Amino acid sequence: MDVPNHVAIIMDGNGRWAQKQGLKRSAGHLEGSKTLEKIAIHAKKMGVKVLSVYAFSTDNFKRDKEEVDYLMDLIIKYFNTKFDKLAKNGIKVVVSGRRNNIREDVKQAIETVEEKTKDNKEAILNICFNYGGQEEIIDGAIRLAQDLNKGLKIDNFKREDFYKYLYHDLPPIDLLIRTGGEYRVSNFMLYQMSYSEFYFTNTYFPDFDKSEFNKAIFTFQNRDRRFGGINDKKSS
Ligand code: FPP
């Protein structure tokens with residue numbers, strides 16, 4: 001059975017997970033970050049080549065300062081410590097999102113983890129941070145316009161050609177998972193998910209363990225992907 005090449009996860013439900021047990025929302029983010037580490041290693045072992053996760057959206061800045069600061073500190077702490085384990089597992093970490101309006105220490109931590117893992121070849125963990133899908137398309141369109149000004153010819157420009165104008169030149173998403181019981185895409189990787197299969201679960205992200213991940217993969221393997229065409233075997 002085919003394992004999806006690129007899996008993306010909207011890691012939702014950290015806050016509700018914490019509140020359900022009378023803890024502060026930040027405890028949910030901490031637990032979610034531990035889950036992320038386990039899932040990233042498990043996904044690689046299953047043969048997934050690229051795992052993209054939504055860690056912080058451009059719109060998450062609307063949250064209380066306390067929660068935003070907590071998430072920034074958590075990301076630094078993780079990038080500086082826990083990501084060594086990902087590196088040892090041959091995982092290259094890349095970060096997608098805008099860098100212009102984030103704290104200098106966060107920017108430093110991102111650059112360090114990208115540099116430290118850049119030669120790893122087994123799998124990619126793409127962390128979407130200060131990220132918006134429409135913003136990624138706008139930023140790509142601006143870079144394309146700059147290339148046009150420099151003389152690029154686009155008569156034959158195809159949809160595949162735009163990937164290199166996105167934050168990272170990653171393959172299209174095969175399977176999009178959203179935890180936490182909501183049914184929306186929340187401005188996540190809009191260009192890359194054009195033919196993704198969607199999998200929604202009520203499980204809050206901190207509880208999304210290996211067996212939940214396997215369930216999503218199994219569901220994907222039983223989907224009939226046609227990419228706008230017709231599946232000859234099934235329709236004849
Ligand atoms: C959505 O849950 C989750 C986030 C906004 C943050 C996700 C971050 C992590 C899982 C930690 C990632 C850590 C690293 C190191 C990259 P929510 O807070 O919206 O939950 P709710 O819908 O229950 O309120």
Side-chain angles (χ1 to χ4, degrees), residues 7-44 50-87 89 91-99 102-103 105-114 116-117 123-133 167-168 176-189 200-210 212-213:
V7 176
I9 309 182
I10 300 177
M11 309 182 288
D12 198 12
N14 291 345
R16 281 166 288 160
W17 179 90
Q19 281 160 343
K20 200 176 74 180
Q21 345 192 12
L23 301 170
K24 286 177 79 175
R25 293 176 56 80
S26 53
H29 295 315
L30 180 62
E31 202 57 32
S33 65
K34 292 178 191 163
T35 298
L36 169 59
E37 195 181 5
K38 285 184 219 147
I39 291 294
I41 291 167
H42 176 66
K44 189 214 106 180
V50 183
L51 178 70
S52 290
V53 294
Y54 210 177
F56 194 87
S57 78
T58 49
D59 295 320
N60 285 150
F61 276 112
K62 293 175 193 156
R63 296 187 178 202
D64 286 353
K65 184 173 181 315
E66 190 191 340
E67 185 170 347
V68 171
D69 284 346
Y70 182 85
L71 278 165
M72 296 295 146
D73 292 342
L74 180 65
I75 277 157
I76 294 181
K77 192 175 113 198
Y78 257 71
F79 281 171
N80 288 341
T81 56
K82 306 275 191 225
F83 278 83
D84 277 351
K85 195 164 161 201
L86 295 174
N89 276 273
I91 298 174
K92 172 175 166 175
V93 179
V94 298
V95 179
S96 294
R98 287 186 173 164
R99 306 244 170 128
I102 54 172
R103 274 171 26 189
D105 52 349
V106 177
K107 213 189 296 184
Q108 277 294 321
I110 290 174
E111 284 167 11
T112 305
V113 78
E114 286 189 328
K116 246 187 348 201
T117 63
I124 295 173
L125 172 62
N126 171 38
I127 297 182
C128 294
F129 174 80
N130 193 26
Y131 175 86
Y167 293 132
H168 294 280
L176 172 79
I177 298 171
R178 182 171 186 141
T179 62
E182 311 282 0
Y183 302 93
R184 51 179 174 259
V185 295
S186 300
N187 200 22
F188 187 48
M189 302 190 79
F200 296 100
T201 169
N202 289 333
T203 304
Y204 295 146
F205 186 68
D207 290 331
F208 189 77
D209 59 12
K210 292 179 198 169
E212 294 269 349
F213 185 83

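For ligands, and for the atoms within them, numbers begin at 1 and follow the listed sequence. All values derive from a computational prediction rather than experimental measurement. These values consider heavy atoms only, across backbone and side chains, with no hydrogens, waters or symmetry-generated copies.
With hydrogens and angles ignored, the 3.5 Å screen pairs a side-chain donor or acceptor of Thr35 with a backbone N or O of Pro206.
Using a 4.5 Å cut-off on side-chain heavy atoms (C-beta onward), Lys85 and Ile91 make no contact.
With salt bridges taken as basic N to acidic carboxylate O contacts below 4.0 Å, none links Lys20 and Glu31.
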Tabulation required: pairs of a nitrogen or oxygen in ligand 1 and a protein nitrogen or oxygen under 3.5 Å; columns are atom names and distance to 0.1 Å; otherwise 'none'.
unit_1   : atom_1 : unit_2 : atom_2 : d
ligand 1 : 2 (O)  : Asp12  : OD1    : 3.4
ligand 1 : 2 (O)  : Gly13  : N      : 3.4
ligand 1 : 18 (O) : Arg25  : NH2    : 2.8
ligand 1 : 18 (O) : Arg63  : NH1    : 2.9
ligand 1 : 19 (O) : Asp12  : OD1    : 3.3
ligand 1 : 19 (O) : Arg63  : NH2    : 2.8
ligand 1 : 20 (O) : Gly13  : N      : 3.4
ligand 1 : 20 (O) : Asn14  : N      : 3.3
ligand 1 : 20 (O) : Gly15  : N      : 3.1
ligand 1 : 22 (O) : Asp12  : OD1    : 2.9
ligand 1 : 22 (O) : Arg16  : NE     : 3.3
ligand 1 : 22 (O) : Arg16  : NH2    : 3.1
ligand 1 : 23 (O) : Gly15  : N      : 3.4
ligand 1 : 23 (O) : Arg16  : N      : 2.7
ligand 1 : 23 (O) : Arg16  : NE     : 2.7
ligand 1 : 24 (O) : Arg25  : NH1    : 3.0
ligand 1 : 24 (O) : Arg25  : NH2    : 3.1

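With sequence neighbours left out, Phe188 forms a ring-ring contact (aromatic ring centres under 6.0 Å, His included) with Tyr54. Partners of His168 under the ring-ring contact (aromatic ring centres under 6.0 Å, His included) rule, at least two apart in sequence or in another chain, do not exist in this structure. In this view, Asn60 and Phe56, Ser57, Arg63 satisfy the side chain to side chain contact (heavy atoms under 4.5 Å, CB included) rule, not counting sequence neighbours.
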